[in-house]
Amino acid sequence: MSAHIIALTIGLLLDRIIGDPPKWPHPVRWMGRFISKLTTLLNTGKHRKFKGIVLLITVVAFTFIIVLGVLSAAYTVNFFLGIAVESIMCAAGFSQKSLRVAALSVYKPLVKGDLKEARLKVSEIVGRDTAKLSESEVTRAAVETVSENTSDGITAPLFFAFLLGAPGLWVYKAVNTLDSMVGYKNEEFQEFGKASAKMDDILNYIPSRITGYIIITWTKNFSKQTFRSRLNGWWKDAKKHPSPNSGYLEAATAYQLGVQLGGKNTYKGITSKRARMGIPENPLRAIHILHTIRQMHIAVFLFWLWMMSIGGILRVIA
């Protein structure tokens with residue numbers, strides 16, 4: 001087994017158990033500051049689409065070179081030091097525990113009937129307006145966030161860690177962070193963020209579909225639909241989402257839980273209507289947040305197992 005496979009496996013376990021200590025510096029914050037400074041410098045005047053490409057290449061190149069340099073130095077000193085450093089790098093790139101903790105922070109006040117606190121907590125993990133959300137809408141926001149980020153925050157970086165080790169994982173994280181900061185379709189970032197948004201779509205294409213398929217195939221089914229019906233509905237509804245990738249996670253979750261996701265969201269007072277996904281057999285309740293967290297853990301483990309199996313088969317063939 002190659003060193004980076006051992007490291008990403010240890011990193012996945014570390015993230016599941018320990019997560020990101022809140023007082024520790026996190027690479028994404030450093031990356032965010034770097035992107036912010038470059039954006040201030042480049043996102044002005046003409047040729048913003050080209051400047052956005054420059055931003056993308058610069059951030060990705062710097063990230064890859066820095067991570068590769070640190071890892072090369074560590075492995076040069078000692079093989080086990082290299083694995084230890086790469087494990088920590090991988091752990092910092094996953095978000096199992098942080099996503100679970102964030103979702104539970106919404107679930108706990110909901111089950112206690114404290115809707116005001118639940119609205120406050122869900123506002124910390126979603127971009128939509130939350131001040132007037134009902135219990136079911138707070139639940140929907142939390143469920144959609146956990147579902148979407150199962151791929152964005154865990155299986156997608158895991159996929160690229162399998163391909164290229166920690167450097168691959170952090171190249172993905174760089175693109176994902178760029179998309180979250182500049183990939184908006186508004187006047188300020190329409191042209192400048194286009195390259196970053198497109199690259200994020202490309203990198204998430206395979207992981208999102210594999211993860212969605214795992215959810216619809218291997219997690220607990222709470223609906224009355226047959227597997228064939230759920231599979232067809234998942235594939236059809238996923239394409240209704242404005243994101244070319246997120247729908248494959250949210251639709252899979254909706255069909256497995258027997259609930260309906262999507263609908264009306266409000267962002268800074270502006271209403272956005274999204275297509276409905278799934279069949280509303282069950283009303284959305286706080287317990288569905290727990291079901292989605294369990295889906296996440298099952299999907300991550302099976303995704304890891306699939307990648308390990310594929311890697312083993314390829315090594316035998318080679």
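The chain is numbered in sequence order, starting from 1. Below, each value reflects all heavy atoms present in this structure, side chains not excepted, and no hydrogens, waters or symmetry copies.
If you take CG on D15 and OG on S87, they are separated by 12.0 Å, rounding to the nearest 0.5 Å. Taking CD1 of I210 as the start and CZ of F159 as the end, the distance is 5.5 Å to the nearest 0.5 Å. Taken to the nearest 0.5 Å, the CZ atom of F160 stands 7.0 Å off from the CD1 atom of I206. Note that CG of L169 is 11.5 Å distant from OG1 of T63, once rounded to the nearest 0.5 Å. Separation of atoms CD1 (I66) and CZ (F34) is listed at 7.5 Å; rounding is to 0.5 Å. Expressed to the nearest 0.5 Å, how far CD1 of I215 lies from CD of Q256 amounts to 8.5 Å.
P207 approaches A156 most closely through the heavy-atom pair CB-CA, 3.6 Å. The heavy-atom pair separating A252 from I216 by the smallest distance is O-CD1, 3.7 Å. The two residues G278 and A254 make their nearest non-hydrogen contact at CA-CB, 3.9 Å.
Between the T44 side chain and the T40 main chain, no donor and acceptor come within less than 3.5 Å of each other. Judged purely by atom type and a 3.5 angstrom limit, H26 uses its side chain to pair as donor or acceptor with the backbone of A92. Checking side-chain atoms of T130 against main-chain N and O of R119 turns up a donor-acceptor pair under 3.5 Å. Not a single donor-acceptor pair under 3.5 Å links the side chain of Q225 to the backbone N or O of R230. Panel note: side chain S36, backbone R33; no donor-acceptor pair is recorded below 3.5 Å. With hydrogens and angles disregarded, a donor-acceptor distance shorter than 3.5 Å links the side chain of S98 to the backbone of S95.
Two residues are said to be in side-chain contact when any heavy atoms from C-beta on lie closer than 4.5 Å; I154 and F303 fail this criterion. By the 4.5 Å heavy-atom criterion applied to side chains, D152 and Y172 are counted as neighbours. Considering only heavy atoms from C-beta on, M181 stays 4.5 Å or farther from T39 through its side chain. For the pair M89 and V85, the minimum side-chain heavy-atom distance is below 4.5 Å. Two residues are said to be in side-chain contact when any heavy atoms from C-beta on lie closer than 4.5 Å; E135 and L110 meet this criterion. Using a 4.5 Å heavy-atom cutoff, the side chains of N43 and K51 are not in contact. Residues D114 and K121 form no side-chain contact, since every pair of their non-hydrogen atoms from C-beta on lies 4.5 Å or further apart. Proximity of H297 to R100: side-chain heavy atoms (C-beta onward) are separated by under 4.5 Å at one or more points.
Linking Ile, Leu, Val, Met, Phe, Trp and Tyr residues whenever their side-chain heavy atoms come within less than 4.5 Å leaves M277 and F227 in two separate clusters. When the side chains of ILVMFWY residues are joined at heavy-atom separations under 4.5 Å, either directly or via intervening members, W235 and Y205 end up in a single hydrophobic cluster. Note on F94: it clusters hydrophobically with L164, by side-chain heavy-atom contacts below 4.5 Å among ILVMFWY residues. Hydrophobic clustering of Ile, Leu, Val, Met, Phe, Trp and Tyr side chains at less than 4.5 Å, counting indirect connections, unites L231 with L261. Grouping the Ile, Leu, Val, Met, Phe, Trp and Tyr side chains by contacts below 4.5 angstrom, directly or via other members, places I202 apart from L249.
Both cation-pi conditions hold for R209 and Y248: the charged atom is under 6.0 angstrom from the six-membered ring centre and inside a 45 degree cone around its axis.
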Applying side-chain contact (heavy atoms from CB on, under 4.5 Å), run through D179 and V175 and close with a yes or a no.
-> CA-CA 6 Å; D179 179 57; V175 173; 5.6 Å; no

- [ ] Report the C-alpha separation of V122 and Y107 in whole Å, then their side-chain angles, then the decisive distance to 0.1 Å, and conclude whether the side-chain contact (heavy atoms from CB on, under 4.5 Å) test is met.
- [x] CA-CA 9 Å; V122 83; Y107 168 79; over 6 Å; no

Could you give me the CA-CA distance, side-chain angles and deciding distance for K240 and D237, then say whether salt bridge (charged side-chain N to carboxylate O under 4.0 Å, His left out) is met?
CA-CA 5 Å; K240 299 175 183 178; D237 284 5; 3.1 Å; yes

**Steps toward salt bridge (charged side-chain N to carboxylate O under 4.0 Å, His left out) verdict (E144, R128)** = CA-CA 12 Å; E144 288 175 350; R128 70 194 70 173; 2.8 Å; yes

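Counting heavy-atom neighbours within 6.0 Å of H47 NE2, excluding the residue itself, gives a total of 12 or less. For E124, the CD atom is densely surrounded, since the number of other residues' heavy atoms within 6.0 Å is greater than 12.
If you check the side chains of N221 and S223, you find a donor sitting under 3.5 Å from an acceptor. A donor and an acceptor atom, one from each side chain of T211 and T155, are located under 3.5 Å apart. T253 and Q295 form a side-chain donor-acceptor contact under 3.5 Å, judged by distance and modelled atom types alone.
A salt bridge is defined here as a Lys NZ or Arg NE, NH1 or NH2 lying under 4.0 Å from an Asp or Glu carboxylate O, and E191 with K194 fails to meet this definition.
The aromatic rings of H291 and H288 stand perpendicular to each other, their planes meeting at an angle above 60°, with 30° marking the opposite boundary.
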